[in-house]
Participant: 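My questions all concern the structure below.
Below, chain A is the first sequence line, B the second, and so on; all start at residue 1.
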Amino acid sequence: MGTISKQYTFSAGATIVASEHNANFDDIINVVNGNIENVNIKSTAAIVDTKLAQITTAAKVAFSALTVASQASGDIAYYSGSAWTRLAASTESNYFLKTQGTGGSAPVWTSLPVSGFASSAEVVTGTETAKAVAPNTMVSHQGVCKGWVNFNGTTGTLSAADSFNVSGLTDNGTGDYTVTWDTDFGSVNYCLVGACKDIGSAYFVQIEQSAGLAAGSSRVQVKAHDSSTGDSPVVCVMAIGDR
Amino acid sequence: MTKVRVYTDYDPVRVLVGIKNHNEVAPTDELALKSGLSGNFLEIEGSELPTSREFRKEWCVKNGKVEIDQDKVAKRIEKEDGLKQKAIKAKNVFESLGLDKDALMAYLKDLP
């Protein structure tokens, strides 16, 4: 509707015609009843806070319309316990917002306690103290098991129950097996241990005499003290070393 | 069941099983090389292998199949029977001489 103006002005003593009288009031009524625009409101007028507090329907205030003093790109808003407050954007890259519990302390920007991820070489060296270890390099550490297998040596086809870093099993004969490692060791100077389920005599897992340890495989035997070999339903082999 | 490779130039034959991510997979030439295997091989389903390992030392390949070499089995049993007979004889001799079990075991330990 916009700004309205009085259509008819009556001088003193003039006869008031009904239609003119109604026309003056109709404009006012029309504006008040749903057509008030910005121009119809006094520039210094404002809706008092108590009226805003009466808004109960969700999403009546657009979040995008909110403003706060000194706001800047990247700012974060948080509730301080008494009011919504602005936390200025961090001037550092790769910082994270650190919450400080439920005690009401304001969140702060902070750096991670580590300076990135260690390389495989750094994991092998094992002296780095400021870097984190990613799962894909964890196995590089000298103290970590590089490969293991638990298999059944009594079946026609050797069957691995579970394994890590094993790409093959060879059945060389009774109680005589070769474990092939998926990723090779750096040399033959790794440590191999084995155990097997009791098969009724004093059997143990040992490194086979002639082939022994190779960088990519380990030949082991389930052997008794009298040098006879036997098949065990559970043969476990584990190796630790550099690679 | 997955394919396995049976390397036939060994006595007894050797059987290679491939593993990837805990699962059985068909072996490759690279795996065989790393496993120290070479020579002729037969690729068969794992289910085609004998299920019993009682005669594992006598596994051989005949007509494209892994079988138990019955001649070898007979020879081994004969040899084992011979040893048993030897042991029984020795036991009888020792007992007739009034010797005890420990002495018998000490004797048996030295048998070939």
Participant: Heavy-atom distances under 4.5 Å only: say whether B:T51 touches chain A with side chain, backbone, both or neither.
Facilitator: backbone
Participant: Who in residues 131-155 of chain A is close to chain B, using a strict under-4.5 Å heavy-atom cut-off?
Facilitator: A:G153, A:T154, A:T155
Participant: Can you tell which of A:L158, A:V179, A:L169 has the highest number of heavy-atom pairs within less than 4.5 Å of chain B?
Facilitator: A:L169
Participant: Given that the side chain runs from C-beta out, which part of B:P27 has a heavy atom under 4.5 Å from chain A: side chain, backbone, both or neither?
Facilitator: neither
Participant: Examine whether an atom of B:V66 lies under 4.5 Å from a heavy atom of chain A, and if so say whether it belongs to the side chain, the backbone or both; otherwise answer neither.
Facilitator: neither
Participant: Please classify the contact of B:I19 with chain A as side chain, backbone, both or neither, using a heavy-atom distance under 4.5 Å.
Facilitator: both
Participant: For each of B:Y7, B:Y10, B:W59, tally heavy-atom pairs with chain A at distances under 4.5 Å, and name the one with the top tally.
Facilitator: B:W59
Participant: Give a yes or no on this: more than 12 heavy atoms of other residues, nucleotides or ligands lie within 6.0 Å of atom CG of A:N38.
Facilitator: no
Participant: For the residue pair A:S187 and A:D242, confirm or rule out a side-chain donor-acceptor distance under 3.5 Å.
Facilitator: no
Participant: Do A:Y177 and A:D231 have side-chain atoms, one donor and one acceptor, less than 3.5 Å apart?
Facilitator: yes
Participant: Taking atom types as modelled, is there a side-chain donor on A:E208 or A:S210 under 3.5 Å from an acceptor on the other?
Facilitator: yes
Participant: Hey, do the aromatic rings of A:W109 and A:Y95 have their centres closer than 6.0 Å?
Facilitator: no
Participant: Parallel, tilted or perpendicular: which describes the rings of A:H225 and A:F204, with under 30° parallel and over 60° perpendicular?
Facilitator: tilted
Participant: Are side-chain N/O atoms of A:S228 and A:D226 paired as donor and acceptor at under 3.5 Å?
Facilitator: yes
Participant: For B:L33, is it the side chain, the backbone, both, or neither that has a heavy atom closer than 4.5 Å to a heavy atom of chain A?
Facilitator: neither
Participant: Around atom CD of A:Q209, are there more than 12 heavy atoms from other residues, nucleotides or ligands closer than 6.0 Å?
Facilitator: no
Participant: What residue in B:R5, B:R56, B:K109 has the most heavy-atom pairs under 4.5 Å with chain A?
Facilitator: B:R56
Participant: Compute whether any side-chain donor of one residue and acceptor of the other, for A:Y190 and A:S218, lie under 3.5 angstrom apart.
Facilitator: yes
Participant: Looking at A:A72, is its backbone amide N or carbonyl O close enough to the side chain of A:D75 to form a donor-acceptor pair, meaning the two atoms are under 3.5 Å apart?
Facilitator: yes
